[in-house]
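First the structure, in the form of structure tokens, and then the observations on it.
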Amino acid sequence: MQDVFITGSGSFLPGVPLDNREMESRIGFLGEHSRKLKALTLRQNGIRHRHYALDAEGTPLFTNAEMAACAVEAACDAARRDPVQLQYLACGTTQADLLVPGIGSAVHGELGGSSMEISSHQSVCGSSMMAIKSAWLNIRAGQHRIAAASGSEFSSRWFQPDFYRAIDFTSMSTQQAMQYEFLRWTLSDGAGALVMEAEPDPQRPSLKIDWIEQKSFADRFPTCMYAGTRSNGMEDYRPWAHYGSPGIAYDQGAIVLRQDFELLDQMFPVWMGYFLEVLDKHRLSPGDVRYFLPHYSARALGEKMKTLLTHSAAMIPEERWRNHQQEVGNVGSASIFLLIDRLLREEKLERGDRILCFVPESGRCLASFMCLTAV
């Protein structure tokens with residue numbers, strides 16, 4: 001089995017960074033409750049700036065695939081490779097531009113250049129690590145020598161007020177409305193990518209991928225963050241395509257994106273238990289980690305993560321944590337790519353530095369870990 005190295009990384013964040021006062025110019029308000037829940041959400045998530053791939057009139061500036069392709073091109077530039085040299089492309093996203101075909105085909109089409117093997121990965125935040133692992137394993141098995149993986153999101157198009165016209169907010173409690181509003185004021189747009197090769201760059205720091213671990217706990221949980229059905233309860237569960245037509249599904253409120261906060265709270269002990277399992281499996285002590293790159297959806301949830309890790313005696317020293325969500329927003333499957341890209345651009349990595357990446361996903365409860373070593 002071949003070793004695999006990250007030799008380049010790239011980011012693409014559309015438009016100018018928008019502060020909290022400018023958000024409604026892109027996604028609007030849903031009703032009288034929106035202003036209050038916006039303020040509440042922003043206090044919880046701690047985000048100060050984010051990017052949207054929509055202009056002030058709501059016109060899309062890019063497609064999801066175009067943003068991913070821009071990130072792949074940036075990663076190729078950093079690796080001093082031409083995209084035409086790619087032999088394998090793995091792409092992850094929450095929702096591609098089209099229902100069919102997959103995001104991999106769309107991104108390859110935007111890149112052009114040459115024929116290659118591709119794969120598409122659709123989940124939520126965890127689709128990032130699914131794509132990375134797919135590219136890693138292909139190189140590791142000797143199938144290819146140079147590959148790229150991307151994660152990209154165009155969340156803001158889900159948050160236009162017209163998406164919610166079938167939802168009656170007037171009779172809802174604040175808690176009920178929050179399952180819709182939290183995601184609107186938290187998620188944002190952008191893309192990130194990595195180039196992986198069978199050899200490190202001899203002139204600049206590269207990151208050796210030591211291992212990747214990922215596990216789903218969908219056998220224990222119903223859907224938590226979801227769109228395409230109006231309820232995550234078994235008695236009301238019906239996929240959107242089973243309503244007879246997309247219009248009927250829309251009228252029944254089956255299209256909009258939701259988050260079940262009671263379920264989310266139940267997932268944290270499961271994620272932390274898996275964290276301990278992975279550390280034990282790989283005999284990795286928290287003190288061995290030079291940089292910790294956790295993705296979390298809100299600052300408040302990051303604080304909860306710190307509390308649970310401290311109580312479990314598995315807390316990585318806080319000064320080693322790197323997370324810039326407050327500056328770029330929660331970009332879903334792109335987030336871990338953006339964190340790695342920023343680490344490579346801004347930190348003075350020393351040979352032997354260990355980097356631990358952590359991506360929990362609330363979609364139906366899964367978690368991913370990746371360990372890297374600077375070479």
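Note that the numbering runs from 1 along the sequence shown for the chain.
At distances below 3.5 Å, at least one donor-acceptor pair connects side-chain atoms of Arg157 with backbone N or O atoms of Phe154. The closest donor-acceptor contact from the side chain of Ser105 to the backbone of Pro101 lies at 3.5 Å or more, if one exists at all. Between the side chain of Ser333 and the backbone N or O of Ser128, no donor-acceptor pair lies under 3.5 Å. A donor-acceptor pair under 3.5 Å is absent between the side-chain atoms of Ser152 and the main chain of Met67, judged by distance alone. A donor-acceptor pair is defined here as one N or O able to donate and one able to accept, closer than 3.5 Å; such a pair exists between the side chain of Asp260 and the backbone of Leu263. Checking side-chain atoms of Gln85 against main-chain N and O of Asp82 turns up a donor-acceptor pair under 3.5 Å. At distances below 3.5 Å, at least one donor-acceptor pair connects side-chain atoms of Arg140 with backbone N or O atoms of Gln2. Judged by distance alone, the side chain of Glu110 and the main-chain N or O of Ala106 form no donor-acceptor pair under 3.5 Å. Not a single donor-acceptor pair under 3.5 Å links the side chain of Glu303 to the backbone N or O of Ala300. Counting only distance, with no hydrogens or angles, the side chain of Thr223 and the backbone of Met225 share no donor-acceptor pair below 3.5 Å.
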### Task
Take Leu301 and Phe268, measure what side-chain contact (heavy atoms from CB on, under 4.5 Å) needs, and give me the verdict at the end.
CA-CA 9 Å; Leu301 299 178; Phe268 270 85; 3.7 Å; yes
### Task
Walk me through it: do Gln176 and Ser173 pass the test side-chain contact (heavy atoms from CB on, under 4.5 Å)?
CA-CA 5 Å; Gln176 290 172 324; Ser173 66; 3.2 Å; yes
### Task
Please test Glu347 against Arg342 for salt bridge (charged side-chain N to carboxylate O under 4.0 Å, His left out), starting from the C-alpha separation and ending with a verdict.
CA-CA 8 Å; Glu347 301 288 351; Arg342 184 162 183 167; over 6 Å; no
### Task
Evaluate the side-chain contact (heavy atoms from CB on, under 4.5 Å) criterion for residues Asp236 and Thr229: first the C-alpha distance (whole Å), next the side-chain angles of each, then the deciding distance (0.1 Å), finally the verdict.
CA-CA 8 Å; Asp236 295 324; Thr229 182; over 6 Å; no
### Task
Given side chain to side chain donor-acceptor pair (under 3.5 Å), test Ser34 with Glu181 step by step and report yes or no.
CA-CA 7 Å; Ser34 284; Glu181 292 280 16; 2.5 Å; yes
### Query
What do the steps show when you test Ile167 against Arg258 for side-chain contact (heavy atoms from CB on, under 4.5 Å), and what is the final call?
CA-CA 12 Å; Ile167 307 297; Arg258 299 169 168 88; 4.1 Å; yes
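Between the side chains of Tyr237 and Arg230, no donor N or O sits under 3.5 Å from an acceptor N or O. In summary, the side chains of Tyr88 and Ser119 do present a donor paired with an acceptor at a separation below 3.5 Å, with no hydrogens or angles considered. Side-chain polar atoms of Ser155 and Asp189 form no donor-acceptor pair below 3.5 angstrom. For the residue pair Arg80/Gln203, the side-chain donor-acceptor check at 3.5 Å is satisfied. For Asn64 and Asp97, the side-chain atoms include no donor-acceptor pair closer than 3.5 Å. A donor-acceptor contact closer than 3.5 angstrom links the side chains of Thr94 and Glu153.
Proximity of the aromatic rings of Phe261 and Phe182 is defined here by a centroid distance below 6.0 angstrom, and this criterion is met. A distance below 6.0 Å separates the ring centres of Tyr180 and Phe169. A distance below 6.0 Å separates the ring centres of Phe369 and Tyr274.
Note on Asp353 versus Arg351: no salt bridge recorded, every NZ/NE/NH1/NH2 to OD/OE distance being 4.0 Å or above. Under a 4.0 Å N-O distance rule, the pair Arg290/Glu350 does not qualify as a salt bridge. Ion pairing between a basic and an acidic side chain is recognised when a charged N comes within 4.0 Å of a carboxylate O; Glu199 and Arg145 show such pairing. Salt-bridge formation is detected for the pair Arg354/Asp210: a Lys NZ or Arg NE/NH1/NH2 atom is positioned less than 4.0 Å from an Asp or Glu carboxylate oxygen.
Linking ILVMFWY residues whenever their side-chain heavy atoms come closer than 4.5 Å, directly or via other members, places Trp240 and Val124 in the same cluster. Val270 and Leu309 fall within the same hydrophobic cluster, where Ile, Leu, Val, Met, Phe, Trp and Tyr residues are linked whenever their side-chain heavy atoms come under 4.5 Å apart, directly or through other members. By the rule that hydrophobic residues join a cluster once side-chain heavy atoms approach within less than 4.5 Å of another member, Tyr296 and Leu339 end up as members of separate clusters. Residues Val359 and Phe275 are members of separate hydrophobic clusters, defined by side-chain heavy-atom contacts under 4.5 angstrom among Ile, Leu, Val, Met, Phe, Trp and Tyr. Residues Ile132 and Ile146 do not share a hydrophobic cluster, defined by chaining ILVMFWY side chains whose heavy atoms lie under 4.5 Å apart.
With contacts defined as side-chain heavy-atom distances shorter than 4.5 Å, the pair Met130/Ser123 qualifies. When side chains are defined from C-beta on, Arg50 does not count as touching Asn330, because their heavy atoms never get closer than 4.5 Å. Between Glu197 and Phe5 there is no side-chain heavy-atom pair separated by less than 4.5 Å. Counting heavy atoms from C-beta on, the side chains of Val289 and Pro286 never come closer than 4.5 Å. Between Glu213 and His282 there is a side-chain heavy-atom pair separated by less than 4.5 Å. Counting heavy atoms from C-beta on, the side chains of Val328 and His49 never come closer than 4.5 Å. Proximity of Tyr52 to Met23: side-chain heavy atoms (C-beta onward) are separated by under 4.5 Å at one or more points. Contact of the Ile336 side chain with the Leu293 side chain is registered, since non-hydrogen atoms from C-beta on lie closer than 4.5 Å.
In terms of heavy-atom proximity, Gly190 sits nearest to Val331 at N-CG1, 3.5 Å. Of all the heavy atoms in Asn232 and Tyr226, the pair that sits closest is N-OH, 3.5 Å. The heavy-atom pair separating Leu349 from Ala374 by the smallest distance is CB-CB, 4.2 Å. For the pair Val72 and Ser150, the tightest heavy-atom approach, listed with the atom from each and the gap, is CG2-CB, 3.9 Å. When all heavy atoms of Ala141 and Met1 are compared, the closest pair comes out as CA-SD, 4.3 Å.
In this structure, Lys38 fails the cation-pi test against Phe29, since its NZ or CZ atom is not both closer than 6.0 Å to the six-membered ring centre and inside 45 degrees of the ring normal. Cation-pi geometry between Arg184 and Tyr164 is met: the NZ or CZ atom falls under 6.0 Å from the ring centre, inside 45° of the normal. Remark: Lys306 qualifies as a cation-pi partner of Trp321 under the 6.0 Å distance and 45° angle criteria applied to the six-membered ring.
Arg345 meets the salt bridge (Lys or Arg N to Asp or Glu O under 4.0 Å) test with Asp341; sequence neighbours excluded. Residues forming a salt bridge (Lys or Arg N to Asp or Glu O under 4.0 Å) with Glu262 (at least two apart in sequence, or on another chain): none.
Summarising the local packing, CD of Glu32 is surrounded by 12 or fewer heavy atoms from other residues, nucleotides or ligands at distances under 6.0 Å. In Arg35, the CZ atom is not crowded: 12 or fewer heavy atoms of neighbouring residues, nucleotides or ligands sit closer than 6.0 Å. Atom NZ of Lys208 has more than 12 heavy atoms from other residues, nucleotides or ligands within 6.0 Å.
Met234 shares a hydrophobic cluster with no other residue; no ILVMFWY side chain has heavy atoms under 4.5 Å from its own.
Test Gln266, Arg364, Gln259, Glu361 against Cys224 for side-chain contact (heavy atoms from CB on, under 4.5 Å) and you get one pass: Gln259. When each of Leu344, Val195, Leu207 is checked for a side-chain contact (heavy atoms from CB on, under 4.5 Å) with Thr7, only Val195 meets the rule.
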